[in-house]
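Next up is a structure, given as structure tokens.
Indexing begins at 1, ligand by ligand and atom by atom, following the structure's order.
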Amino acid sequence: MIEITRLTKRYGGKTAVDDVSFAVRPGRVTGFLGPNGAGKSTTLRVLLGLDHPDGGTALIGGRRYRDLRHPLRTVGALLDGAGPVPERRGADHLTWIAQSNRIPRRRVREVLELVGLTDAAGRRVKGYSLGMGQRLGIAAALLGDPEVLVLDEPVNGLDPDGIRRVRNLLRGYAASGRTVLLSSHLMTEMAGTADDAVVIAGGRIVARGTLDDVSAGHPSLESAFFALTGDREGEGRW
Ligand code: ADP
């Protein structure tokens with residue numbers, strides 16, 4: 001469903017993503033794992049048409065994002081820094097996106113319920129916690145009931161209830177045959193959520209396969225991650 005082929009992206013003299021290839025299958029949750037600065041967001045930004053690659057392709061269902069006929073109904077995305085207007089109320093933010101994409105208004109209530117934000121829907125976004133903002137972003141990604149979900153660090157800032165809710169949601173989404181790609185630098189959350197893993201470090205893919213494949217020969221997914229990525233700083237965090 002998602003196919004990244006020989007993708008390269010440079011910023012000035014720096015190669016952020018270096019000849020990266022991987023595919024993401026439907027019916028599975030795929031974790032895109034790597035330490036900060038590894039190239040995860042850059043890859044996802046190119047996939048979602050927000051950046052032009054210097055080489056290679058990033059396709060969704062065989063098309064570039066900008067060639068999709070109904071982008072929001074095909075791909076739901078959560079990216080860093082794509083926040084709503086702070087003065088706006090949560091529900092109004094979603095209604096605005098729904099209306100500009102011909103999505104029925106009742107879907108706004110559904111997605112608010114799905115992410116557990118119904119009670120806060122009438123409050124202004126500027127009063128939201130980091131976790132509530134994340135939930136609103138995930139709700140927006142779900143609005144078009146898309147075939148593909150692409151979420152950059154979706155559990156950032158979420159409390160344990162939020163993490164469990166998002167995890168169940170993503171598992172259910174994949175179980176219904178859809179495609180889920182989520183990036184993270186947090187291994188512990190990913191161990192209970194993802195089926196497959198693509199590990200990136202320094203702009204290059206260092207491992208990919210099922211979570212079991214990737215952690216084979218290591219005592220845990222975390223230690224596999226540190227061994228593969230050389231994330232010494234990360235080691236200290238745990
Ligand atoms: P990750 O999402 O894995 O934390 P990023 O894709 O954000 O990593 O960043 C990969 C590398 O590219 C980093 O070294 C980062 O500093 C650099 N980078 C990302 N975006 C830009 C940009 N707009 N301009 C310059 N450098 C960038």
- prompt: Where is the nearest protein heavy atom to atom 12 (O) of ligand 1: which residue, which atom, and how far?
  reply: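 Sorting protein heavy atoms by distance from atom 12 (O) of ligand 1 puts Ala16 CB, 3.2 Å first.
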task: Step by step, work out the side chain to side chain contact (heavy atoms under 4.5 Å, CB included) result for Arg123 and Met132.
output: CA-CA 11 Å; Arg123 284 164 53 185; Met132 289 160 78; 3.9 Å; yes
Element-labelled atoms of ligand 1 that are located less than 4.0 Å from some non-hydrogen atom of Thr42: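 In order of numbering, the contacting atoms are 5 (P), 6 (O), 9 (O), 10 (C), 19 (C).
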Identity and separation of the nearest protein heavy atom to atom 4 (O) of ligand 1: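 Atom 4 (O) of ligand 1 sits closest to the protein heavy atom Gly37 N, 2.7 Å.
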- prompt: Near Pro35, which atoms of ligand 1 are under 4.0 Å from a heavy atom of that residue?
  reply: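 Near Pro35, meaning under 4.0 Å from one of its heavy atoms, ligand 1 has 3 (O).
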message: So that I can tick it off, tell me whether Arg73 and Asp145 are bridged by a salt bridge, with the cut-off set at under 4.0 angstrom between side-chain N and carboxylate O.
response: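 Here Asp145 does not pair with Arg73 in a salt bridge, since their nearest N and O are not under 4.0 Å apart.
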- request: Give the residue and atom name of whichever protein heavy atom lies nearest to atom 7 (O) of ligand 1, and the separation in Å to one decimal.
  value: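 The closest heavy atom on the protein side is Ser41 CB, 3.7 Å.
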field: Identity and separation of the nearest protein heavy atom to atom 8 (O) of ligand 1
entry: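 Scanning the protein heavy atoms, the shortest distance from atom 8 (O) of ligand 1 goes to Gly39 N, 3.1 Å.
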task: Give a yes or no on whether a salt bridge exists between Glu113 and Arg109, defined as a side-chain N under 4.0 angstrom from a carboxylate O.
output: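 Salt bridge flag = no for Arg109 with Glu113.
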- prompt: Of Ile163, Asp161, Leu169, which meets side-chain contact (heavy atoms from CB on, under 4.5 Å) against Arg165?
  reply: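 Of the listed options, the one satisfying the test is Asp161.
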- prompt: What protein heavy atom is closest to atom 16 (O) of ligand 1, reported as residue, atom name and distance in Å?
  reply: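 Answer for atom 16 (O) of ligand 1: Lys14 CE, 4.7 Å.
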- prompt: Please state which protein non-hydrogen atom is closest to atom 19 (C) of ligand 1 and give its distance, to 0.1 Å?
  reply: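 Scanning the protein heavy atoms, the shortest distance from atom 19 (C) of ligand 1 goes to Tyr11 CE1, 3.5 Å.
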- request: Answer yes or no: does atom NE2 of His218 have more than 12 heavy-atom neighbours from other residues, nucleotides or ligands under 6.0 Å?
  value: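 Counting other residues, nucleotides and ligands, NE2 of His218 exceeds 12 neighbours.
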query: Under 3.5 Å, is there a donor-acceptor pair linking the side chains of Asp92 and Thr95?
result: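 No donor-acceptor contact under 3.5 Å links the two side chains.
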task: Would you mind running through ligand 1 and noting each atom that sits below 4.0 Å from a heavy atom of Asn36?
output: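 So the atoms of ligand 1 that pass are 4 (O).
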query: Is the shortest side-chain N to carboxylate O distance from Arg6 to Asp18 below 4.0 Å?
result: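 No.
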